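First up is the structure itself, then whatever we jot down about it.
Here the structure is a predicted model, which is why all the values come from computation and not from measurement. A, B, ... follow the sequence lines: proteins, then strands. Residue 1 opens every chain.
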Amino acid sequence: MNGDLVSAGAGTGKTYTLAKRLYEELDAGRVRPEGVVAFTYTVKAARELESRIRKRLLGAGKVELAARVRDGYIGTIHAVCQRLAREFALEAGLSPFLDPIPEPERRKLLALARAGVLRGREVRLNELAERLAVQDWGEPLRKVVDAARQNGLGAADLRASATRSREGLLRLLGPATLDEAIYLAGLRAPLAALLRALESDAEGGAATARERLAGARRLEAALAAGRRPTWKAQVQLANAVDMRRLAAAAAPFREHVARHLECRGFHDDLLELQRVLFEVAADTLDAFAEEKRAARVVDFGDMLALAHDLLGRPAVQAALRDRLDLVLVDEVQDISPLQLAVVTALGALARKSVWVGDRKQAIFGFQGSDPELMTAAIDAVLRGRAPEILGTSYRSRVALVEAASELFAGAFAGQGIPREQVVLAPEKPDPPGLAGQAPFACWRWTGGRPRDGEPARSEAHAIAEAVERLLATEPPIQVRERVERGVDRLRPATARDVAVLAFRNGRCSDVATALRQRGIPARVATAGLSETPEGRLARAAVALLADPRDGVAALEVSWISGTGASDPDGWLSRHLATVAAWRARRAEAVAAGTPAPRRPLAFADDARVEALRAASRRAGALSPSEAFDLALRAGGLPELLRSWPEPAQALANLEALRGEARVYQDLCAARRTAATALGLVEHLGSLAGGEDENADRQATPTADDAVTVSTWHRSKGLEWPIVILSDLNHGRDRSVFDPTTVAAPAFDFAAPLAGRWIRFWPWPYGDLSKDLALADRAAVMPEGVEAEARERRERVRLLYVGFTRARDLLGFVSEAGSDGPRTKALDPLRDGAGVPRISIPFERAVGLAKVEVGKAAWPCMVGELAAVPPGALRGARRPAPWYAPGPPLVVPPEIVNPSGEPFPVSATVKGVAPLGARSALASAPDMKAVGDAVHGFLAADPGSDPASRRELARRMLDGHGVAAALAPDTLLAAGDALRAWAEARWPGATWHREWPLRARLDGAPPRLLVGEADLVLETAHGFVLVDHKSFPGSAAERDRRLVEEYAPQLAWYARALERALGKPLLGAFVHFPLRAEIAEVGLGAKA
Amino acid sequence: MLQLLLTPHDGGTAWRHALAPGEARAGWESVGPYGLAKRVGRLLGFPAEPAAAPERVAAFVARLDRDDDGKRAYSASRQADPFGVASFLLGARDRLRLAGWTGAALAGSDRLADVSRLEARPEPLPPGLPDLLARLAAELRRAGRVPAQIAVTLSAPREAFAPLVLALLDALAAAGATVTGATPDAPLAPAGTDLGRLQRALVDPRAPAARLSGDGSVLLLEADTALEAAELCSDFLRGGALDATTLLAAAEPDVLDAALVRQGLPAVGLSVASRLRPHLQVLPLRLALAFSPQEPFRAAELLVLPGGPLPGFARARLLDALGEMPGVWSPAWRDAVAAIGQEAARRARESDETEADAAAEGARLRERIDAWFGGELADAGVGLPVPRAAAIARDVAAWLRSRAAPADRAARGAATPGANGDAGRRGGDPHEPAERGEDAAPWAHAAAVARTFERMLLSRPPGERLRPVALMQLHALAVGAGSERAPWPAQAGRPAVALLAADVLPGARRVIWWGFVQDVEVGDAPDAWSEPERAALAAAGVTLPAPGAARAVEAWSWRRVVLAARDGVAFVRWRLSGAEVLQPHPFLDELETRAAGGSLAACTVGSEAALAGRAAPWPPRTVAVDPARPIRPRTLWRVPGIALSGTQSATQLRALLGCPFHWALEYAGDLRPGRALDLPEGSQLLGDFAHRLLQDLLLGPERLSLDSATEADARARVERAFDARVATEAAPLVLRGSELERERGRRLVGRAAAALVRHLRAGDWVPVAAEQELAGEFQGHPLAGFADLVVERRRDGARAVIDLKLSGFDYRRTELESGRGLQLALYASMLGGGGGRLPPAAYLILQDGELLTVTPQAFPGGVAVEGPSLEESLSIAGGTLALWRKAFEAGWVPATMRKSGWEDDVAAIVGPIPGPKDPGRYPPQCEFCRFTALCRVQLGAEELP
Ligand code: SF4
């Protein structure tokens, strides 16, 4: 592979560089737009890259090249793979209309596959899981299956992984020297002694003492009943009694429990669970593939495997070798092993590859990317060359660039990343206006239990308070705003300039809530859409639309829309009174033996509820998402939501809900099930708490002046003037006992996936994690050392991402503990001796202090926060403007329906002339088809050459499927008669057959006439209008139709023709070819 | 003289601006390629209607059937998607034909060879547009002259038309017609305006970029959501000159219409196609029910489908039956069918029909149910025989037609003329539902789809069987894009409409691009032909477009939108689609590049700013919406007049004791949920089924003899019954993927049966009744309920109640320990006739096979729970009930989700409230409550007034 690597640190203008590089290649003609493959990490990044390239080309006047950019393969790796799979569908034996199934359907098929695989195995699995305190064995199973798919591993690979995992687990456990029966028998005496001690300890003692006693009793009961207690229960109790006052009684018990590690039963449990889970995982992979084959679908993950498979085929390689010029990979550090395999396979076909990324920002290990593998791949691409390094930060002010460079140069040294790939130079000095403004800020808050009557303190409230103070600082905090490339101006910070980063989604939601409680709008990618007030209201509205008798939906619509807000008791009382009155009437009717009154509809006095009920009559023909839109309209939700706090958020969520309606439809289509409004109501109701992390997400309004709250992970690639790093007490969350992909000892570029396998050692103690000998043992094994190092490396990278997001001000919030600030998250930034590389002055006096890294220091504002919720907001919100409604418009349709709309004409039948003999029709033909054939013939009848006329007639009758109904000669005769009739009366007239008419009619409102006159005979003095009608019926019916149905059309057309030709109507006729007659219609003005 | 204005596509009314107000033209029309073919066909006397796509695909499938020897390039894909592959190859064939391929043999690749071999097959292929164009061009060449004077003017550059269209134009010209190319786009707006400047910059890429001042002649209107963007756009359009405006409706036309109508403007009335209209779902659901096992969920969907095939009362009754026993043809279903027949007869009698006619009416309805849900079932793994599938399609089509007929009559008079116009041509009051008189169209369309589907099936070999997936793939082809529907009529006074950018015609005063967002107005990537294929095609005379040629036309069409306007152009975009960010249309890149130094920003109007009174060059018409009053969960309601009346059930009383507010809403307020699709599943399904199996085991017609049967017998017997009945009574358990659940359920029921027998024996009990209706009173209130199992002791004839619970051993034990075993106590009280000592009672937890009781002496072997006696439990409950009654009398109703906020107020009136750990304090059942909206929703952080 002919490849380059660009190492792009945070804020170094990566996208700019990418676009520039691509532009240069296109401009120089070295690369064709259609020959570009550019992989980006997100859809948004793909659009942005495409847009930048296009703009550059357009800016240079390369309009044609710019237009062609769209034909390149620019997108996420999945999207590009999907396109390849479609283009080569026939080669791959796939449906050409390949669409990955939606996630819920994928999960359903996987569950189907798993259900089959688990038959006969589940009971044993449950027993093992119970013994090993594995809450949900589905979780490790899912992780193993997912890892296998991300690494392109099949069932056989998983079986091999099982063997290797077993070997590791055996090493961890050591020899089993103790029979379980002996072990359990030996447990009884020390437990009995311990129990006695615990009983006296618990007497009048604290709740924890009672809990210890209960634990011991449960253990004893299990032993007495001959049951095997869980390993966790034993270890938990042993740890719980590790205290001085119980030492004597607890020691024998603790010593004995410590021996469970040698117990054969313990080993067997672990090894069996490991074996069964791997077996199930391997079989599930096979069964899932079969399930998808049977359903004729593919899933999102298959796209990569399919593309990878395709790229191995010579025919595909040959086709692509012609087409591909350049493979560009953005965020290369974050791609998964299978993605790497696709990228390298494509790279081998293209003339050149450019990989752009930053190893320091590889933070998606938990999603299956493998930074170690990528490092090896990158080294292989470089083949000893140095990467191109982008060394200038265009993002942050000087102090922030310096601090991050210094801090992380040290922290990354241990990862083998040379200093020059870490240290950046600021683009330019700070503007003078920022001179007096500290680049750092830190705040502390003190947690602990609230005293009586005090509100609970929390970091979320602390952060909200910090933001509130920041935005209220006098003089205001200044931030830089880029006017154009290289030119900044200063302006006061507002909410939109601030971002708060936390590690966990839940914490983000808490922070957003706390901000909103202070009246500060917050923008957060958060779940819980369906439980927002707008989510509930919209769902209730569509439920009411689907079933107007739904009383609960009526209640929800009425309550949430605020009908009862001013007098809730009165609101509910009225409803209850209505029901009571109905019950009384019903009782009377029953007593009197008369029909019972109908049950009243709930909240019928609420106009919104009634509007929805009225609209339900219109919902019968609608698709679910149309019904949803109708519910929004009929319920007046957009207007209503304007009156709510944070209307932009509420309206954006309405759009998110519309999106969910579309998702529901897609799901139904993928499942090939019915899609109904009721089904949509169910779907919306099932979003909360579902497994799909992409579902139930709230939308983020874009235009609000709002603080952004984001996870550290999601902040990657983004920047804000002010960033507050929080959740600093968050610790590690992965261990050697998690399913882990293990790489081959050496990287082989030709086969990047070769030699990879999955290690899984079950963890036997459930949620226990402290003071466990097994964990200690694992930690010193090579696997444990490696896992710990890996985790630490990734955490350093995540810290790098967080520390480099701010342009002008970087803040930290931490809880002040009794032993110092709680900043466990920063532990990976300690040096080899355990000394923190960065010192943040959380404990200094409020005011100005310094952040220090090594010998360098920068100013930092220090603050202290109460961290309590604010009181309720005082003062009413202001009215919100919304677009004014208009009076209903009652106007006719734009296009006139000439045969259906009355025309002010008094029509008369002036006379009916015979044109020959009536033709015979075969019984009951399709009269419309007969009419079309007759019209078709008369429109094209050349009038001479009988052979070609007969041929024409036959073609028309055949073409309209009425050859059996009518003889060709009938048409010929009709044509002859008409011609003879017309030429006798208006000799020399110009014949216009099937003549289009278009008119913009005068008057208000303006209307259009769109029609076609069958025959217009134009003379010097005027025109004659003839309409053909294939009506074959009675004379009386003919005359009725002439006056009531045909005359208005003739009148409309005559009016348009008079305008168009500037000549008068000489006569209006209806020609009945099947009746062989022609009728003249008088079109006098109506009195 | 016939004058044709040829646009790249058919449809729309953008041509309107070619006519002055009040002007009429004869012999003039605007046509797209189809319109052109139709017109030329008329002149030459050739019917030029292309066949419907599904018919053509079906015919092509027949060709593939004959051609596929398993070794073709397409053979493997055909296994995965036979009809999709046919549609794909036919599409490729049509594109090649449009590009000038005459059907000659092709080399270059296997797939090209396949396409050309398929072309040569004798099986007929109904004509598509390329076939018509080719035929007409050939006919013109043969005739040598056009039969009338024709002048065709192109509205777009020649590249915007397919080579075959151009070939027809060339043939027309050669036969004497005048064909004139399009005038190159030129600036129409004055040079002193933003629009004029932008037009000049766009026309000439070398010209300097335009500096835009924000004079309002170029606007980029934005909002987060389409709903808000539509309001913004409508407000802008309210400025007038609608009839001099062209609207390019690129996305979400119905959303724009909704806003237009709300603001009192004429609706544009564009229709939207959907495959998911209820009418189109009748047939697939009926087909799904032709397979075994029949999925009860599919049956329920058919029953709730609006306008579905049975009368409302029958649907409701059948839905209830599915809720009781989710299985089509379960005993509950059969009972329902019988009852429906009787009800139909009763109704007939009420409308004065004779007894015989009434009976016949009932029988007819039963037959109808049978026809829709019955019939021979096919194994899903084997497939449905094609003739049977076709027969189903025919029957459904007939019903759909009959369904359409009455509505059709109602809709008569709204006929639409056939001409070159857009789809929506209805009129009238937009606030009146357009649907009212129009029910016929969707039903008729669905009938046509069903007929097409039938024809497609009949073209298959009769011995073929189609599995559900293949059947649905074929059905999807028959449905195509679905049925069209415009929510509003196209009203007089609306703007002229262009359906695609290329069809915008110069001359309008304003052009609006509604839906200026990513992925609309953007064509697919071109066919990826390899070099050898390109060479082979070129040799066969096929004009493949040069790389980027299609994109160049596309880019031209985007520019056309700006260049066509005389006074102003506006692009309207929204920034969100669902919860995702939606990017603007790629043309924005060109606009930004051709506007100097970011000056497009001066033309950008965000709705947020417009509403705030900033930034819009027109004065938006707004109203001030008052802030909604805050809504907070309330813990105490003041609602006088609530009283405990009528007969109560144990469930009702439990709800009341836990949360008076819950009880007040559900029972006093009679607030019930609506229809739902939630058939029992999971533990509810298994629990119901297990109840019936165990009850029948002990008391059914083939009951177990407790004298002789062993626990193993009980287990075996109930497992056999499980196997025999599961498909009809708990059908979800026999569906694929439920194997594990079924296995678990079967094991559970077997174990429970053994345990039941063991426990009965141990206590010397014999069962005497299942689901026995009991009545009594509690604290002076009438009480009723059904006991799962009533048993009698052999030795003394004493009676007891056993309540069966699927699971929840710990929960029930705690309940009994704390004296809150209300249900057991109430049943015991009703069984005992009230007063005195209550008969024994126990819960049997089926999952564990354990019997829980506070009267262990009656149930030796059961788990003895140390807790208050049943009498004490009743008395505890009575105390709480008395408190709430007093509260009701005083007009107070507490909602007890929160532990504080109501106690003091209520206690002040009714006396001390039991503490949270007190037995009398029943916890509220919020997790099962439907009224959480009142207890959870909070709106606004401000102080309550
Ligand atoms: S949600 Fe809870 S507190 Fe509210 S009404 Fe229902 S049961 Fe009562």
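Remark: A/Pro879 engages B/Ala624, B/Asp626, B/Pro627 in a side-chain contact (heavy atoms from CB on, under 4.5 Å) (not counting sequence neighbours). Checked against salt bridge (charged side-chain N to carboxylate O under 4.0 Å, His left out), A/Arg633 has no partners two or more places apart in sequence or in another chain.
Rounded to the nearest 0.5 Å, atoms CZ (B/Arg672) and CZ (A/Arg599) are 6.0 Å apart. Atom CZ of A/Arg54 and atom CG of B/Asp589 lie 4.5 Å apart (nearest 0.5 Å). We find the CD-CZ distance between B/Gln583 and A/Arg47 to be 7.0 Å, quoted to the nearest 0.5 Å. Once rounded to the nearest 0.5 Å, the distance linking CG of A/Asp629 with CG of B/Leu227 reads 6.5 Å. Note that the CZ atom of B/Arg277 and the CD atom of A/Glu626 stand 4.0 Å from one another [nearest 0.5 Å]. Atom CG of A/Leu58 sits about 10.5 Å away from atom CD of B/Glu592, to the nearest 0.5 Å.
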Would A/Lys44 and B/Glu580 count as a side chain to side chain contact (heavy atoms under 4.5 Å, CB included) if you check the C-alpha gap in whole Å, the side-chain angles of each, and the deciding distance to 0.1 Å?
CA-CA 10 Å; A/Lys44 184 166 169 265; B/Glu580 302 292 334; over 6 Å; no

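By number of non-hydrogen pairs under 4.5 angstrom with chain A, the leading residue of B/Ser530, B/Pro547, B/Gly493, B/Gly940 is B/Pro547. Across B/Gln79, B/Arg736, B/Glu608, the residue that shares the most heavy-atom pairs under 4.5 angstrom with chain A is B/Arg736. Options B/Arg930, B/Arg111, B/Glu743, B/Met472 differ in how many heavy-atom pairs under 4.5 Å they form with chain A, and the most are formed by B/Glu743. In terms of non-hydrogen atom pairs under 4.5 Å with chain A, the most contact-rich of B/Ala226, B/Gly264, B/Ala73 is B/Gly264. Between chain A and the options B/Arg594, B/Glu741, B/Glu739, B/Arg638, heavy-atom pairs under 4.5 Å are most frequent for B/Arg638. The candidate from B/Ser87, B/Pro205, B/Pro306, B/Ala80 with the greatest count of non-hydrogen atom pairs under 4.5 Å with chain A is B/Ala80.
Not a single donor-acceptor pair under 3.5 Å links the side chain of A/Arg998 to the backbone N or O of B/Trp28. Not a single donor-acceptor pair under 3.5 Å links the side chain of B/Gln491 to the backbone N or O of A/Pro893. Judged purely by atom type and a 3.5 angstrom limit, B/Arg262 uses its side chain to pair as donor or acceptor with the backbone of A/Tyr883. Not one N or O on the side chain of B/Asp224 forms a donor-acceptor pair closer than 3.5 Å with the backbone of A/Ala652. No donor-acceptor pair closer than 3.5 Å links the side chain of A/Arg296 to the backbone N or O of B/Asp81. Judged purely by atom type and a 3.5 angstrom limit, A/Arg1000 uses its side chain to pair as donor or acceptor with the backbone of B/Leu19. Judged purely by atom type and a 3.5 angstrom limit, A/Glu682 has no side-chain atom pairing as donor or acceptor with the backbone of B/Ala676. Judged by distance alone, the side chain of A/Thr676 and the main-chain N or O of B/Glu301 form no donor-acceptor pair under 3.5 Å.
A 4.5 Å side-chain heavy-atom check between B/Pro47 and A/His960 finds at least one atom pair inside the cut-off.
The aromatic rings of A/Phe97 and B/Phe88 lie perpendicular to each other, with more than 60° between the two planes, well past the 30° mark.
Closest of all the heavy-atom pairs between B/Arg238 and A/Ala884 is NH2-O, 3.0 Å. A pairwise comparison of heavy atoms in B/Leu44 and A/Ala940 identifies C-CB, 4.1 Å as the closest pair. Minimum heavy-atom separation, B/Ile631 to A/Ala565: CG1-CB, 4.3 Å. When every heavy atom of B/Leu611 is checked against every heavy atom of A/Arg642, the shortest pair comes out as CD1-NH2, 3.5 Å.
Checking each of B/Leu671, B/Ile642, B/Asp670 against A/Leu576 for a side-chain contact (heavy atoms from CB on, under 4.5 Å) leaves exactly one that passes, namely B/Ile642.
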